[in-house]
2 protein chains.
Amino acid sequence: MNGERVTIVDVATRAGVAISSVSSALNGRPGVSEATRERIVQVAAELGFVPSLRGKSLSGRRAFTLGLVLHRDPDVLELDPFFGGFIGGIEDAIDPRGYALVLQISAEPDEVLQRYEKLAADRRVDGVFVNDLEVDDPRIPVITRLGLPAVAVNPGADFPLPAVRQDPDDGIRALLQHLVGLGHRRIAYVGGRPNMTHSVQRERAWRAGLEELGLEPGPVVPGDFTYLAGASAASTLLGLAEPPTAVVCANDLSAIGLIAQAQHLGVDVPGTLSVAGFDDIRLGTYVRPPLTTVHTSPRELGRHAGRLLVDLIEEGVAEDVRIPAAELIVRESTGPAPAAG
Amino acid sequence: MNGERVTIVDVATRAGVAISSVSSALNGRPGVSEATRERIVQVAAELGFVPSLRGKSLSGRRAFTLGLVLHRDPDVLELDPFFGGFIGGIEDAIDPRGYALVLQISAEPDEVLQRYEKLAADRRVDGVFVNDLEVDDPRIPVITRLGLPAVAVNPGADFPLPAVRQDPDDGIRALLQHLVGLGHRRIAYVGGRPNMTHSVQRERAWRAGLEELGLEPGPVVPGDFTYLAGASAASTLLGLAEPPTAVVCANDLSAIGLIAQAQHLGVDVPGTLSVAGFDDIRLGTYVRPPLTTVHTSPRELGRHAGRLLVDLIEEGVAEDVRIPAAELIVRESTGPAPAAG
DNA sequence: CTGAAAGCGCTTACAG
DNA sequence: CTGAAAGCGCTTACAG
């Protein structure tokens with residue numbers, strides 16, 4: 001097992017054929033009789049032959065590697081709900097097809113662009129995933145110029161790259177129906193980081209959903225997806241002359257911060273204020289009251305993104321994917337609107 | 001910029017030298033006059049030449065890639081405090097040296113072992129990181145058998161692989177001194193996943209620290225590092241005939257769960273019960289009361305682990321590293337022991 | 001100091 | 001169907 005590596009030459013010699021036959025046989029290409037193929041497969045197994053990725057890469061002009069550059073502060077990654085599931089999903093899809101994932105993290109926007117440049121220049125990866133999209137995302141022109149195959153996750157409509165999407169609309173619509181069914185009429189919104197596609201989509205869904213229900217939009221407080229932004233929004237909203245009776249937050253973490261601060265101010269959730277999040281992170285099941293939220297599917301998104309990117313690399317085409325809509329999860333942070341009104 | 005890639009042959013032709021000279025010049029190897037080197041460097045820059053990793057890998061017998069296989073449930077990764085910082089630190093160290101990180105995640109122990117086998121068989125990576133070590137970790141014999149260079153993170157003493165370590169002892173000792181200084185005499189412990197090195201080390205440090213202070217160990221409740229285990233431990237400890245006045249938890253997440261459940265049971269923290277965690281996750285700064293904990297340095301561990309692994313691969317040796325001890329962070333979840341006693 | 005050549009381990013036309 | 005050869009883009013002895 002140790003020492004010298006078994007190469008295609010060893011297999012060819014032992015099987016008494018040319019290396020080209022070994023290559024064809026093991027890759028399921030035509031040009032080898034069934035009898036020969038079987039013998040080669042047998043010998044390869046006996047010898048424990050595994051083709052070297054290095055040889056394959058150089059001759060096949062592919063790295064069999066995909067890249068994901070996260071634009072985050074590595075030290076804050078700990079609370080990101082999307083991350084683990086998304087990467088797990090990518091692997092589910094790409095590992096069986098012989099690809100692996102190179103992960104890079106950077107908090108600096110310029111450094112992120114440099115990483116893409118370097119991945120392309122090195123030819124370290126055959127393609128990349130692009131997530132956490134911003135409006136007019138600076139990565140897109142760079143990736144396009146580099147000619148890097150790429151798949152986007154949850155971009156806006158009419159995006160120039162193949163994409164996988166899970167729309168927030170149905171989930172937020174269901175959430176609003178739930179709240180209105182509980183008697184709420186004044187429903188606020190706490191935003192996410194303003195220039196991110198996610199933020200834009202979710203706020204638009206909130207606005208459209210209210211309109212469908214014949215309600216005016218309630219107050220909107222800007223945010224940034226953090227616990228602290230949620231806590232701060234609680235103070236803002238509860239200090240209003242006419243506070244809302246319900247709040248929809250751009251994500252769970254800010255909803256949890258909002259609840260904590262509301263409780264700290266002596267406001268009962270959901271007795272006085274109903275609060276809902278978005279993402280369905282695990283922490284939301286722990287806090288009190290457990291968080292009503294909209295469930296998303298990072299792993300499923302990862303699976304489709306992985307499949308699309310490999311398709312794009314190997315076949316040159318990839319059809320956009322839209323996965324089943326985000327789904328309402330009712331827990332205990334939402335309840336009947338207070339009687340007063 | 002598009003189209004045909006610039007290769008070493010293009011540079012050699014344009015500079016009027018042999019490709020071997022280009023290689024030597026660009027890699028800072030001897031055998032090229034300074035004048036020639038300068039000309040080659042100049043031409044390479046003009047042409048935008050970046051050596052192909054594929055060519056380098058095949059001829060250089062290195063993949064310039066390192067592997068990290070996380071043994072976690074991808075869907076639960078979101079709350080892991082160690083992860084982002086550790087990966088960020090690895091990159092800080094390996095990127096300047098031309099290496100990148102392949103990340104894989106699996107919840108199944110057997111699958112984890114298969115991943116290592118495959119990474120080695122493929123020759124996809126030149127070495128691997130091993131973290132989340134267990135007592136008698138099954139990965140170690142596999143990695144040894146495969147002859148894969150590897151660096152361990154926080155293993156026990158006398159470990160067979162080069163390692164980086166940050167000991168919990170000083171931090172936990174300082175925490176216990178802090179608690180005893182506040183008048184606590186009955187100090188409980190909530191454990192982590194029992195077979196993990198982290199759990200063993202932290203519990204041992206708790207026990208040793210109490211002994212140094214001349215105190216009997218308080219009650220020990222087994223746990224598993226989760227929020228729920230912490231919450232459950234709260235009920236157990238508070239139901240005791242003689243409940244502790246302070247609790248040290250194996251990690252922050254279980255401390256936060258413990259506090260939430262204690263509060264739910266009407267117990268004041270820290271008035272009646274002081275609670276401390278371990279890790280210093282960001283969430284600990286948000287909760288009320290903010291969590292007293294022991295700060296660890298995942299990014300610093302990552303940096304050293306990255307450096308060690310590249311050293312090991314390129315020079316065949318790597319000296320163990322011990323980074324400055326974990327450090328006590330006093331916030332508001334610990335306070336004076338209740339007067340009664 | 002400089003260059004021609006072999007070799008890393010594969011894949012892929014191209015002859016037989 | 002089968003095999004000899006070229007080539008992917010580098011590095012590394014080895015001659016000059």
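Since this is a predicted model, take the numbers as computed values, not measurements. Each chain gets a letter, A, B and so on, in the order the sequences are listed, and its residues count up from 1.
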Heavy-atom donor-acceptor pair, Arg5(B) side chain to Ala121(A) backbone, under 3.5 Å =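 Between the backbone of Ala121(A) and the side chain of Arg5(B) there is a qualifying donor-acceptor contact (under 3.5 Å).
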Donor-acceptor contact below 3.5 Å, side chain Arg165(A) vs main chain Gly156(A) =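 Confirmed, Arg165(A) side chain pairs with Gly156(A) backbone.
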Going by atom types alone, do [X] and [Y] pair a side-chain donor with an acceptor below 3.5 Å?
X: Arg62(B); Y: Tyr99(B); answer: yes
X: Arg37(B); Y: Ser21(B); answer: no
X: Glu46(B); Y: Gln42(B); answer: yes
X: Glu134(A); Y: Thr197(A); answer: no
X: Arg29(A); Y: Ser23(A); answer: yes

request  = Starting from Watson-Crick (N1-N3 plus N6-O4 or O6-N4) and G-U wobble pairs under 3.5 Å, report the runs of at least three that DNA chain D belongs to.
outcome  =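 Listed by first number, the stems are C:1-3 with D:14-16, C:5-12 with D:5-12, C:14-16 with D:1-3.
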request  = Name the nucleic acid region contacted by Ser57(B), choosing base, sugar-phosphate or nothing; use a 4.0 angstrom heavy-atom cut-off, strictly under.
outcome  =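 Result for Ser57(B) = nothing.
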task = Whole angstrom is fine here: how far is it from CD1 in Ile40(A) over to C1' in dC1(D)?
result =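 Value for this atom pair: 11 Å.
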key: Contact pattern, 5' to 3', of nucleotides 9-16 of chain C - B, S or - by protein heavy atom under 4.0 Å   = BBBB----
task = Take atom CD of Glu319(A) as the centre, draw a 6.0 Å sphere, and report whether it contains more than 12 heavy atoms from other residues, nucleotides or ligands.
result =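 Atom CD in Glu319(A) is not packed in, count stays at 12 or less.
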key: Distance below 4.0 Å between Thr36(B) side-chain N/O and dT2(C) OP1 or OP2   =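 Yes, within the criterion.
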